Amino acid sequence: QVQLVESGGGLVQPGGSLRLSCAASGFTLDYYVIAWFRQAPGKEREGVSCINKNDGNTHYADSVKGRFTISRDNAKNTVYLQMNSLKPEDTAVYYCAAGPPWLYGSGWKSEEYDYWGQGTQVTVSS
């Protein structure tokens with residue numbers, strides 16, 4: 001069964017950190033571009049970060065640049081999102097998605113991603 005499973009979300013105070021994980025089963029992540037999206041209540045889904053298939057190049061939304069780091073461990077078939085200096089506006093459900101390699105550098109075309117996780121809630125609040 002092909003699936004992506006996110007974990008690592010939770011409640012954290014402003015300025016805190018969380019590390020999200022996205023584990024794949026039923027397929028191999030290193031053939032895909034992997035992206036993190038998020039959706040806050042009442043807002044549209046937005047792209048947060050993505051990592052390329054082969055060279056490990058990464059891309060970030062301006063809102064998280066310098067605070068979030070995406071990485072992949074192909075041996076564990078897992079992608080991570082390290083989130084530091086969290087702000088209340090980072091509160092959202094975070095999703096990971098896997099898509100074809102051509103997606104990297106082509107914008108946040110969420111509709112083109114093949115596989116999605118169920119999401120993990122991140123709440124930043126004091």
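Just so we're clear, the structure is a prediction, and the values are computed from it rather than from any experiment.
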Output for pair (Trp36 CH2, Ile51 CD1), nearest 0.5 Å, gives 12.0 Å
Residues 111-126 vs salt bridge (Lys or Arg N to Asp or Glu O under 4.0 Å), sequence neighbours excluded, gives none
task: Indicate yes or no: at least one non-hydrogen side-chain atom of Ser125 is less than 4.5 angstrom from one of Thr91.
output: no
**OP:** Give the cluster check for Leu29 versus Tyr80: same hydrophobic cluster or not, with ILVMFWY residues linked at side-chain heavy-atom distances below 4.5 Å.
**Re:** no
Value for CG (Asp30) from CG (Asn77), rounded to nearest 0.5 Å, stands at 7.0 Å
For residues 5-20, run the donor-acceptor check on the side chains, cut-off 3.5 Å, and write out each pair with its distance to 0.1 Å, sequence neighbours left out.
from	atom 1	to	atom 2	distance (Å)
Glu6	OE1	Gln118	N	2.9
Glu6	OE1	Gly119	N	2.8
Glu6	OE2	Cys96	N	2.8
Glu6	OE2	Gly119	N	3.3
Ser17	OG	Asn84	OD1	2.9

Cluster membership besides Tyr95, Ile/Leu/Val/Met/Phe/Trp/Tyr side chains within less than 4.5 angstrom, sorted by chain and number, is Val33, Phe37, Val93, Trp102, Leu103, Tyr104, Trp108, Tyr113, Trp116
Distance col, row Ser49:OG vs Phe68:CZ, nearest 0.5 angstrom, shows 9.0 Å
- Neighbour count above 12 (heavy atom, 6.0 Å) for Glu89 CD: yes
Query raised in the report: Does one hydrophobic cluster hold both Val124 and Leu81, with members joined at side-chain heavy-atom distances below 4.5 Å?
Result: yes
Residues pairing under side-chain hydrogen bond (donor to acceptor under 3.5 Å, both in side chains) where one sits in residues 66-75, two or more places apart or in two chains, turn out to be Arg67-Asp90, Arg72-Asn74
Mind checking whether Ser63 and Arg38 have side chains closer than 4.5 Å, heavy atoms only?
yes
ring-ring contact (aromatic ring centres under 6.0 Å, His included) pairs touching residues 7-35, sequence neighbours excluded, are Phe27-Tyr32, Phe27-Tyr115, Tyr32-Tyr115
Check: Got Asn52 and Thr58 here, is their nearest side-chain heavy-atom distance under 4.5 Å?
Finding: no
- Query: Does NZ in Lys65 sit with more than 12 non-hydrogen atoms of other residues, nucleotides or ligands closer than 6.0 Å?
  - Reply: yes
Rounded to the nearest 0.5 Å, the CD atom of Gln39 sits from the OH atom of Tyr94 at a distance of 12.0 Å
Contacts satisfying disulfide (SG to SG under 2.5 Å) that involve residues 30-87 (not counting sequence neighbours) are none
All heavy atoms of Leu4 vs all of Ala98, minimum pair found to be CD1-N, 3.9 Å
